[in-house]
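In what follows, a single structure is set out as structure tokens and then discussed.
We're numbering straight along the sequence, starting at 1. Heavy atoms only: backbone and side chains are in, while hydrogens, waters and symmetry mates are out.
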Amino acid sequence: MAACVPVFVGALDLTVVSAVLPAVLLELKIPIQEGIADASWTVSGYLAAYVFGMLIMAGASDRLGRREAFLIALGIFSVGSLASAASADGFGQWIRGLERAVDLPVLDPSMPKIHALVAGRVLQGFGAGALVPVAMAVAADLFVEARAAAIGAVAAVDTAGWVLGHLYGGIVVQAFPWQALFWANLPLAAVSAAVAWSALRALPRGDPRSAFDRLGAVLLGLALAGITLAFGGNELSGPPALARPVGAPGYALPAALVGILALAAFVALERRATGPLVDVRLLAERGTAAFALANVAVGFCAMVGLVSVPLLVNTIGARSSREGALASGELLALLTIPLALAAVPGGVLTIRAGPRPVAVVGLALAAAGFVQISRWDAGTVREAVDLVTLGAVPSGAIAPMIAGLVLAGVGLGLATAPLAVALIDRAPAARRGSTSAFVISLRLLGMSVSAGLLTSFGLRSLAVIAQGRLAELASPDPVRAIEASRGIATQVSAEMAVIAAGAAVVGLVAAACGSNKDAR
């Protein structure tokens with residue numbers, strides 16, 4: 001319990017901002033066009049740091065000791081939570097002073113607050129991710145006879161957290177300011193630290209002589225940072241109301257080169273390492289690499305849902321940012337809760353039929369669900385928001401909307417277990433714990449890349465479509481202008497859903513190229 005509670009809280013924070021980000025931008029008085037690109041790093045930065053922390057702490061806990069590694073990770077998560085909560089106040093002012101000291105141009109005086117929030121979220125993400133493999137190691141140490149089940153329980157707690165994060169965020173901001181989401185972490189972390197100090201004292205102490213791949217950790221960090229930076233952001237020109245992308249930011253190409261070179265060097269190093277952070281030798285087999293790609297596709301598709309639904313709700317149906325947060329959280333639950341529940345029958349079917357056919361069927365259902373989501377219209381979205389927030393009686397038009405979310409969630413959920421088993425069963429018995437963390441990191445990497453790409457794509461698409469509908473947007477008739485704005489948001493969201501359907505098809509093809517190879 002001492003290990004799993006912080007894992008759950010850290011996983012909640014992985015998706016908690018997906019529903020409340022519009023409320024954050026509104027409170028900080030940051031225009032959407034200027035702030036959304038920077039604000040998106042509160043999601044993608046957290047995800048990249050989460051993956052990094054998860055992969056490097058898996059081996060570091062052997063060297064540091066379980067209790068010490070756990071408390072260090074918990075401390076980093078707490079500092080990140082404090083920084084995130086204080087980003088609109090003292091920490092935000094400190095970041096603004098730092099940006100002035102290095103002569104960094106700031107278009108809006110509120111932007112340093114978003115930068116402070118991003119910095120806090122990155123710290124949070126590293127600490128939260130580092131908690132996961134330590135908790136898995138604690139479970140493995142405590143439950144020798146039921147080791148697989150105990151590790152699976154930790155993974156289930158982690159998944160449950162990010163599945164419920166958006167709903168938790170949407171509910172909390174109804175009664176409290178958004179900073180409460182981060183302040184609440186501090187007493188929980190303090191209690192968990194006190195319990196862990198006593199409860200984990202009998203676990204193995206650290207062995208300073210144990211191998212830790214320092215160079216691999218550095219290369220992995222560079223690779224994740226470079227790839228995340230390369231896939232996010234667009235430079236804008238023109239006044240805020242008509243801002244248009246002029247291309248990728250200047251740092252995108254250098255960041256991509258650094259990321260790709262660091263990743264290549266990391267893979268080469270890990271292939272020869274005796275105690276690798278990631279057993280990349282598993283990917284040498286074509287079928288295994290195909291299943292790895294399918295895991296990335298699952299994460300990519302899940303993030304599309306987490307981004308597109310709040311976009312539609314907040315730009316079309318919601319009357320206020322708090323109403324939008326609640327409606328986004330509850331509608332996203334139609335995607336994420338079926339995703340979690342469908343993982344159970346997905347595992348049962350995998351035992352009977354093998355991973356490949358179950359994963360193919362699941363990803364086919366997910367593709368069909370996202371195609372259905374791409375057909376949403378503004379009237380249906382507004383009706384859904386009224387149903388959630390006002391208890392309005394729905395019409396039959398809302399049924400296809402619900403069906404699309406549920407179908408996509410069930411499909412992704414069915415694919416989750418077989419795609420995990422396909423990789424874990426190929427790993428040597430001694431490395432199945434770290435391979436479990438690798439599987440989770442593949443999905444999170446897909447989510448991180450998706451968040452960056454969708455922000456970049458969404459900004460560009462919004463601006464391009466708006467340029468073609470300037471007459472409607474500038475109409476003196478406010479009703480016509482509002483309807484034009486809603487139509488643009490609907491079109492962009494539909495394009496995002498089509499991208500998700502395409503990613504699901506890519507994952508389906510990759511899974512079909514795998515094999516039902518027996519476990520070692």
Side-chain angles (χ1 to χ4, degrees), residues 1-16 46-47 49-81 123-165 185-186 188-206 210 212 277-278 340 343 416 420 424 427 430-444:
M1 289 299 295
C4 283
V5 168
V7 166
F8 178 73
V9 174
L12 277 177
D13 280 6
L14 196 153
T15 55
V16 74
Y46 190 99
L47 285 165
Y50 197 95
V51 173
F52 183 54
M54 180 184 295
L55 293 177
I56 72 164
M57 193 58 80
S61 67
D62 294 329
R63 185 179 182 86
L64 297 171
R66 302 287 187 250
R67 183 173 68 170
E68 290 73 13
F70 180 82
L71 292 175
I72 289 171
L74 189 58
I76 295 172
F77 176 72
S78 300
V79 171
S81 297
L123 279 175
Q124 256 196 314
F126 179 86
L131 286 167
V132 176
V134 179
M136 287 181 171
V138 167
D141 291 338
L142 291 174
F143 299 95
V144 177
E145 297 296 328
R147 182 169 292 165
I151 291 174
V154 176
V157 167
D158 184 59
T159 301
W162 75 260
V163 162
L164 296 173
N185 293 342
L186 300 180
L188 286 173
V191 172
S192 296
V195 174
W197 180 262
S198 173
L200 305 183
R201 67 182 184 278
L203 292 183
R205 306 290 296 178
S210 62
F212 178 66
L277 295 176
V278 177
T416 297
I424 294 170
R431 295 202 54 82
R432 284 180 181 166
S434 60
T435 304
S436 298
F438 178 49
V439 170
I440 297 173
S441 70
L442 285 172
R443 293 173 188 164
L444 292 173

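- A distance of 10.0 Å separates CG of Leu131 from CZ of Phe126, quoted to the nearest 0.5 Å.
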Distance-only check: which donor-acceptor pairs under 3.5 Å involve side-chain atoms of residues 70-81, not counting sequence neighbours?
unit_1 : atom_1 : unit_2 : atom_2 : d
Ser78  : OG     : Leu74  : O      : 2.9
Ser81  : OG     : Phe77  : O      : 3.0
Ser81  : OG     : Gln124 : NE2    : 3.1
Ser81  : OG     : Asn185 : ND2    : 3.1

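- For Leu444, the side chain to side chain contact (heavy atoms under 4.5 Å, CB included) test picks out Leu14, Leu47, Tyr50, Val51, Met54, Ile440, Met447, with sequence neighbours left out.
- Residues passing the side chain to side chain contact (heavy atoms under 4.5 Å, CB included) test with Ala69 are Met57, Ser61, Leu64, Val134, sequence neighbours excluded.
- Counting all heavy atoms, side chain and backbone alike, Ala11 lies closest to Asp158 at CB-O, 3.1 Å.
- Within the 4.5 Å cutoff, the side chain of Leu200 has no heavy atoms near those of the Arg66 side chain.
- Annotation for Ser192 and Val5: closest pair OG-CG1, 4.1 Å, computed over non-hydrogen atoms.
- Nearest approach of Ala196 to Arg67, heavy atoms of both residues: O-CD, 3.7 Å.
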